[in-house]
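Everything below concerns the one structure shown next.
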Protein chains: 2
Amino acid sequence: MVTLATVSKVAGVSTATVSRVLNQPHKVDRNTRQVVEKAIEKLGYRPNQYARGLASKTSKTIGVIVNRFSSTYYGFMLDGVEEALVEYGYKTLAESSRETAEGENQALLSLIDRQCDALVIHTNKLTDIELAQYQNKARPIVFMNRKVQACENESIYLDNKSAGQLAASYLLQKGHTSFAMVTGPKSYHESVSRTNGFISTLKEHAITIDKDCIIESDFTVQGGYDSLCRLLKQQKHFTAIFFHNDEMAAGAYKACREHGIAIPSQISILGFDDAVIASHLTPGLTTIEQPLAEIGRASGLLALSLLKNKPEIFQGSKLFTATVKERDSVKDINRE
Amino acid sequence: MVTLATVSKVAGVSTATVSRVLNQPHKVDRNTRQVVEKAIEKLGYRPNQYARGLASKTSKTIGVIVNRFSSTYYGFMLDGVEEALVEYGYKTLAESSRETAEGENQALLSLIDRQCDALVIHTNKLTDIELAQYQNKARPIVFMNRKVQACENESIYLDNKSAGQLAASYLLQKGHTSFAMVTGPKSYHESVSRTNGFISTLKEHAITIDKDCIIESDFTVQGGYDSLCRLLKQQKHFTAIFFHNDEMAAGAYKACREHGIAIPSQISILGFDDAVIASHLTPGLTTIEQPLAEIGRASGLLALSLLKNKPEIFQGSKLFTATVKERDSVKDINRE
DNA sequence: CTGTTAGCGCGTTCAT
DNA sequence: ATGAACGCGCTAACAG
């Protein structure tokens, strides 16, 4: 095994000097530096990261937690985080919580054990209080697409209330006046904010939404399917439905097909996320787009800036804005 | 900071004993073990993984490389790997190559630097020879969904030739006799094998496929779209097209829509992978399903078995079999 | 069964 | 600008 000692012998210098050319090249004479670099090259020396971490107490690694890997929702954020870190020579250590509270706790501890210099985490199960306690430790923790009370400075997230308002404005603008909504679980802060935003804008236009027309679901295709069936059974009147994510909207497409309901002529559907499937549905799903990759990127940068205590690395807003991705699932009633 | 020494003092034993209760509990007396465990609990002690790795030369971590995170193709495999490792108390260190040769090399080196006990990698750019060289080092490398010459024992992959044969058999069985095919890049071994399998089965039935009707594409939606347009322009006759993945098939759907071609009445489409989008397309995409999660899981297990030199951890085949996931994009001509 | 001790490979003083 | 020496926290002989 090639170690610092091997290199130092070959180069005819001390290990301290080799270490310096690696970490503080400017403190080494040009000539000796070149000699050392040649030796490193020749031997194919690679520093042992564990020894490094042990001695320096830093790992140049940032831990990331997501619910799972097999969803592009998390995939886009992960890619965003990694992109940001690579620029600064940091590594990503990604772990999944398998969407359980236990998994979140374990992942958190495991990443801390692994000496991650900072953490970027997306969690749903742990409470704000529990998360805030972790935050109290030495290493910075950034909450990715999650707003944590008392840790606002470390939270990067979408302005879900505005997004809900945007959804309502868009549908109103298309001439709709009677609505239904299928939300995510109430335990998710996004769901609550989107709901509030949606309702508040309707209220501004003196429109109320029947309580029976707001259904809490679970962000899954099946959940969306079931919700639409329930809405249909109720026989309430509405011309447009706002779904809190695209998977649920996709489930609604299926239900519509089975019930012989045409989208958007008989019912308009608005999704959320602009997931990969949105563009593949027929008709194309109009949806509220959320910049997941940028949220990931910003989270990575914020972690770095906190870690190095360099505010200049992360500048800009911690609050992201949604936009409308217009396709063909919302009817423009004005044009009739 | 709480270290082994802290614990040992509180428990009134030596650091070696504390280390033993952590790693070889059976070698410690029940009573002293309990005392130590109490101290660990009380102090909230967590072992420093870097010190551990440095001293023991093992990290209980397995590095994984994928092209990127934002595709469920890799996501499913990653989830599979992690699931397998968690059972054995191992961690996943995932890194993306961003689908570049440089990225693959860097990721490989970086994971080795990080003392990963084994590697599970999915690569496309590096040649078999380059990969085999890495394999020659101390730590085991498993090639996930990739067949590497000279490393067959460490390759876990789908039997792509059989899968191609299956595709042909299925279409033949549905009464089709005239075909087109859109493949992935020739540099991908999967593409070549699928093509060979497909053609060989046709040949068995005395059917040849016009060379102009085989188009090499790039696994992207746009690529599939372009390929179908090209096929259409040629005015050759065929009733069914086999796409080497579902993304390209989705692109074909779009092209069909624009050209007013009905699926499956005018043209039948068969995909590959059973990606998430397949079920959301209209009509549902019939596709050759590949068990990605299981391939990931098997790769993880194989890595563990190699690493620990325990064949019993991984038993079963390294070759996986594809199946047909039937939906509505292939017409049954016999029924006319 | 338990304690002592010597590294693991590197970064970092402190001298020179 | 360079080298000697120590310590990071832990595991692994070796004694006892």
Side-chain angles (χ1 to χ4, degrees), chain A residues 1-37 39-40 43-61 89 109-110 112-117 138-139, chain B residues 1-40 43-61 89 91 109-110 112-117 138-139:
Chain A
M1 159 151 271
V2 183
T3 71
L4 258 198
T6 324
V7 177
S8 73
K9 273 175 198 161
V10 172
V13 298
S14 74
T15 59
T17 302
V18 180
S19 176
R20 281 193 203 96
V21 329
L22 253 31
N23 304 309
Q24 309 156 19
H26 57 279
K27 287 195 178 174
V28 179
D29 183 87
R30 275 185 64 86
N31 295 324
T32 54
R33 183 165 57 189
Q34 286 190 357
V35 174
V36 172
E37 278 164 351
I40 288 177
L43 295 168
Y45 166 73
R46 312 263 333 171
N48 179 319
Q49 298 300 327
Y50 279 17
R52 244 186 186 179
L54 185 58
S56 71
K57 312 244 177 222
T58 151
S59 63
K60 287 256 186 187
T61 298
L109 290 174
S110 148
I112 293 175
D113 288 350
R114 276 160 201 275
Q115 312 290 114
C116 290
D117 297 339
R139 69 186 60 54
Chain B
M1 157 151 271
V2 183
T3 72
L4 258 198
T6 326
V7 177
S8 73
K9 272 175 198 159
V10 171
V13 297
S14 74
T15 60
T17 300
V18 180
S19 176
R20 279 192 207 99
V21 329
L22 253 31
N23 303 310
Q24 308 153 23
H26 57 280
K27 289 193 179 177
V28 179
D29 183 88
R30 276 185 65 86
N31 295 324
T32 54
R33 184 166 58 191
Q34 287 192 356
V35 174
V36 172
E37 278 165 351
K38 283 243 171 79
I40 289 177
L43 295 168
Y45 166 73
R46 309 270 328 176
N48 180 321
Q49 300 299 328
Y50 279 17
R52 241 184 190 182
L54 185 58
S56 71
K57 310 249 180 219
T58 150
S59 62
K60 287 257 185 184
T61 299
K91 290 293 166 193
L109 291 174
S110 146
I112 293 174
D113 288 351
R114 272 156 208 276
Q115 311 289 113
C116 289
D117 297 339
R139 69 186 60 55

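Protein chains get the first letters and strands the later ones, always in sequence-line order, with residue 1 at the start of each.
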Could you state the atom-to-atom distance from CD of Gln115(B) to C1' of dC10(D) in whole Å? 14 Å
Ignoring hydrogens and angles, are the base of dG9(D) and the side chain of Arg46(B) linked by a donor-acceptor pair under 3.5 Å? no
What are the two closest heavy atoms between Tyr45(A) and Leu22(A), and how far apart are they? CE2-CD2, 3.8 Å
So what does Val13(B) hit on the nucleic acid, given a heavy-atom distance under 4.0 Å: a base, only sugar-phosphate, or nothing? sugar-phosphate
When you match Leu54(B) and Ser14(B) each to their closest nucleotide on DNA chain C, which lands nearer the 5' end? Ser14(B)
Judged by nearest nucleotide, the residue sitting upstream toward the 5' end of DNA chain C, Leu22(A) or Val28(B), is Val28(B)
Under 4.0 angstrom between Thr17(B) side-chain N/O and dG3(C) OP1 or OP2: yes
Between Ala55(B) and Ala51(A), whichever has its closest DNA chain D nucleotide further toward 5' is Ala51(A)
Does dT12(C) have OP1 or OP2 sitting under 4.0 Å from an N or O in the side chain of Ser19(A)? no
Distance check: side-chain N/O of Thr15(A) vs OP1/OP2 of dG3(D), anything under 4.0 Å? no
Indicate whether OP1 or OP2 belonging to dC10(C) is found under 4.0 Å from a side-chain N or O atom of Arg52(A). no
Note: Thr6(B) and Thr3(B) closest approach over all heavy atoms is OG1-N, 2.9 Å
Output the rounded distance in Å from NZ (Lys57(A)) to P (dT13(C)). 13 Å
From the candidates dG11(C), dG9(C), dG3(C), the one with an atom nearest any side-chain atom of Ser56(A) is dG11(C)
Classify the nucleic acid contact of Gln24(A) as base, sugar-phosphate or nothing, counting any heavy atom under 4.0 Å across all strands shown. sugar-phosphate
Checking dG3(C), dC10(C), dG9(D) against the side chain of Thr3(A) (C-beta onward), the nearest is dC10(C)
Figure out the NZ/P separation between Lys9(B) and dT4(C), and round it to whole Å. 12 Å
Give a yes or no on whether the backbone of Lys60(B) and the side-chain of Asp117(B) come within a donor-acceptor separation of less than 3.5 Å. yes
Is there a side chain to side chain donor-acceptor pair (under 3.5 Å) between Thr58(B) and Arg52(B) once you walk through the steps? CA-CA 8 Å; Thr58(B) 150; Arg52(B) 241 184 190 182; over 6 Å; no
Closer than 4.0 Å, any side-chain N/O of Arg20(B) to the OP1 or OP2 of dT2(C)? no
Rounded to whole Å, the CG-P distance (Leu4(B) to dG9(D)) equals 10 Å
What is the separation between atom OH on Tyr50(B) and atom C1' on dC8(C), rounded to the nearest whole Å? 15 Å
Whole-Å distance between dG3(D) C1' and Lys27(A) NZ? 15 Å
Whole-Å distance between dT2(C) C1' and Arg30(B) CZ? 18 Å
Thr15(B) and Leu4(B): which non-hydrogen atoms are nearest, and at how many Å? O-CD1, 3.9 Å
Measure from CG on Asn48(A) to C1' on dG9(C) and round the result to the nearest Å. 6 Å
Which atom of Ala11(A) lies closest to which atom of Ala39(A), heavy atoms considered: CB-CB, 4.0 Å
